[in-house]
Amino acid sequence: MRTTIPGDGSDSGGLSEADSFRARRLKQIASFTALALAARLVVNMAIGSPFNATQIELTAGLGLVLLSLWLARRNALDNAGLLLLASLSAMAGALVWSNEGMYDTALLAFPGLLIFCGLLLPLRYFYGLLALMLGFIFILGWRTMAGIHVPVVDPSYTQNQRTLDLLLILALSGLCVQMMISDLHKALHKSQQSRQELEQSQANLTYMAQHDALTGLPNRRMGRDRISQAMQHARRRGSHVAVLFVDLDNFKSINDVYGHDFGDKFLKSVAERLLAAVREADIVSRQGGDEFVIGITDVVDSKVIPAVALKVLSLLREPVSFDGQGVFASCSIGIAIFPDDGDNFDALMQLADQAMYQAKKSGRNTYCFSTPQQSDTLDLVAPEIS
Ligand SMILES: Nc1nc2c(ncn2[C@@H]2O[C@H](COP(=O)(O)OP(=O)(O)OP(=O)(O)O)[C@@H](O)[C@H]2O)c(=O)[nH]1
């Protein structure tokens, strides 16, 4: 199990984020192990232990751990990790083999070594080490059962030494476990964070794909979808949907006279006013440029349609301030009605567009129905708004 936790911000020396993290863990474990071995040797010297096989194994172990620390500092991480693991495993094995066998305290280091291996080396080393350990214990047991070496409690190994060894082994194993748990927590936290960021950016992308960046209104595609849905709903309910194609009159001159930035501000204000002219259930979308499309949904009383058109004409006549001066732009509106004029969005849009051009031809600042009779049936006369 190779950890992929971010580093702690320390100098990575050109390593990847995961490797610099691994280097840090390796140095921590090697340093603590070296300290523990050194402490153990100092105690042995202090109590005047003879320089026997155990001392030689501990000294060799300390030397190899220091070598792996040096390798880790030079960023030779794979070699450092392998050397540290191999030397500690060999040292623990040798201590068990040459001392008390099944009863030896060093046997307790095996689980810690497995955790260390899982923490810092690829998974195949973990399986390898586990197999070696199982094989070793098996041979140890066989050696005892065959009477080749019957382990006895070493009388020269005092209770104080045994207690110290147990404390050191437990402290080092505990350290490895603590690191593993904290790494797991960090990895979980990081993956949660990444998932949230991903969801957020997906939501942003979806929003951007469906909305107009300038006004925040649904864009052409989303407007089409929502008006089409409203038509399906109206078909079931037996009601109507009115499509109003709104085009600003002479908007180009606003851009030319007051600049593009003000033109943008004007378009945003148009969007706000269109939204104010309709109910929440209605749809206001931007087709592009100075063209907007309104879908008045679920119409049961046809008088609502010219009323909304009049409201739009009137609201758009309100000035937008430019340096204390009021700037006006009227609009022309073409109207087509579902299902009377067509039973799909594209057909209605085409008719509404033509009706809008009719409104332009009639002198702008007015609305036109796509079917002239509709004005008659509804007794509507497009008003002149000054
Ligand atoms: N500021 C700004 N201007 C835009 C944007 N999109 C399109 N325009 C401008 O809107 C203007 C639309 O002008 P036209 O379609 O020629 O029509 P008009 O001047 O409104 O004239 P009529 O429609 O005939 O009344 C063009 O000058 C475009 O450059 C935009 O996002 N921001």
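In listed order, ligands and their atoms are each counted from 1.
- Scanning for side-chain hydrogen bond (donor to acceptor under 3.5 Å, both in side chains) contacts around Tyr125 gives an empty result, with sequence neighbours left out.
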With a cut-off of 3.5 Å and sequence neighbours excluded, list every side-chain donor-acceptor pair involving residues 202-215.
{"residue": "Asn204", "atom": "OD1", "partner": "Gln200", "partner atom": "NE2", "Å": "3.2"}
{"residue": "Thr206", "atom": "OG1", "partner": "Gln202", "partner atom": "O", "Å": "2.8"}
{"residue": "His211", "atom": "ND1", "partner": "Tyr207", "partner atom": "O", "Å": "3.0"}
{"residue": "Asp212", "atom": "OD1", "partner": "Arg286", "partner atom": "NH1", "Å": "3.2"}
{"residue": "Asp212", "atom": "OD2", "partner": "Thr215", "partner atom": "N", "Å": "3.0"}
{"residue": "Asp212", "atom": "OD2", "partner": "Thr215", "partner atom": "OG1", "Å": "2.5"}
{"residue": "Asp212", "atom": "OD2", "partner": "Arg286", "partner atom": "NH1", "Å": "3.2"}
{"residue": "Thr215", "atom": "OG1", "partner": "Leu217", "partner atom": "N", "Å": "3.2"}

Which atom pairs, nitrogen or oxygen on both sides, join ligand 1 and the protein at under 3.5 angstrom?
{"residue": "ligand 1", "atom": "1 (N)", "partner": "Asn255", "partner atom": "OD1", "Å": "3.0"}
{"residue": "ligand 1", "atom": "1 (N)", "partner": "His260", "partner atom": "O", "Å": "3.2"}
{"residue": "ligand 1", "atom": "1 (N)", "partner": "Asp264", "partner atom": "N", "Å": "3.3"}
{"residue": "ligand 1", "atom": "1 (N)", "partner": "Asp264", "partner atom": "OD1", "Å": "3.0"}
{"residue": "ligand 1", "atom": "3 (N)", "partner": "Asn255", "partner atom": "ND2", "Å": "2.8"}
{"residue": "ligand 1", "atom": "19 (O)", "partner": "Phe251", "partner atom": "N", "Å": "3.2"}
{"residue": "ligand 1", "atom": "19 (O)", "partner": "Lys252", "partner atom": "N", "Å": "2.8"}
{"residue": "ligand 1", "atom": "20 (O)", "partner": "Leu248", "partner atom": "O", "Å": "3.1"}
{"residue": "ligand 1", "atom": "20 (O)", "partner": "Asn250", "partner atom": "N", "Å": "3.4"}
{"residue": "ligand 1", "atom": "20 (O)", "partner": "Phe251", "partner atom": "N", "Å": "2.8"}
{"residue": "ligand 1", "atom": "20 (O)", "partner": "Asp290", "partner atom": "OD2", "Å": "2.7"}
{"residue": "ligand 1", "atom": "21 (O)", "partner": "Asn250", "partner atom": "N", "Å": "3.4"}
{"residue": "ligand 1", "atom": "23 (O)", "partner": "Asp247", "partner atom": "OD1", "Å": "3.0"}
{"residue": "ligand 1", "atom": "23 (O)", "partner": "Leu248", "partner atom": "O", "Å": "3.4"}
{"residue": "ligand 1", "atom": "23 (O)", "partner": "Lys360", "partner atom": "NZ", "Å": "2.9"}
{"residue": "ligand 1", "atom": "24 (O)", "partner": "Arg364", "partner atom": "NH2", "Å": "2.8"}
{"residue": "ligand 1", "atom": "25 (O)", "partner": "Asn250", "partner atom": "N", "Å": "2.8"}
{"residue": "ligand 1", "atom": "25 (O)", "partner": "Lys360", "partner atom": "NZ", "Å": "2.9"}
{"residue": "ligand 1", "atom": "25 (O)", "partner": "Arg364", "partner atom": "NE", "Å": "3.1"}
{"residue": "ligand 1", "atom": "25 (O)", "partner": "Arg364", "partner atom": "NH2", "Å": "3.2"}
{"residue": "ligand 1", "atom": "31 (O)", "partner": "Arg286", "partner atom": "NH2", "Å": "2.9"}
{"residue": "ligand 1", "atom": "32 (N)", "partner": "Asp264", "partner atom": "OD1", "Å": "2.6"}

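- By the side-chain hydrogen bond (donor to acceptor under 3.5 Å, both in side chains) test, Lys360 pairs with Asp247, Asp249, sequence neighbours left out.
- Distance CD1/Ile169 to CG/Leu164: 9.5 Å, rounded to 0.5 Å.
- For the residue pair Arg25 / Gln28, a side-chain donor-acceptor distance below 3.5 Å is found, with atom types taken as modelled.
- For the residue pair Ser191 / Arg195, no side-chain donor-acceptor distance below 3.5 Å is found, with atom types taken as modelled.
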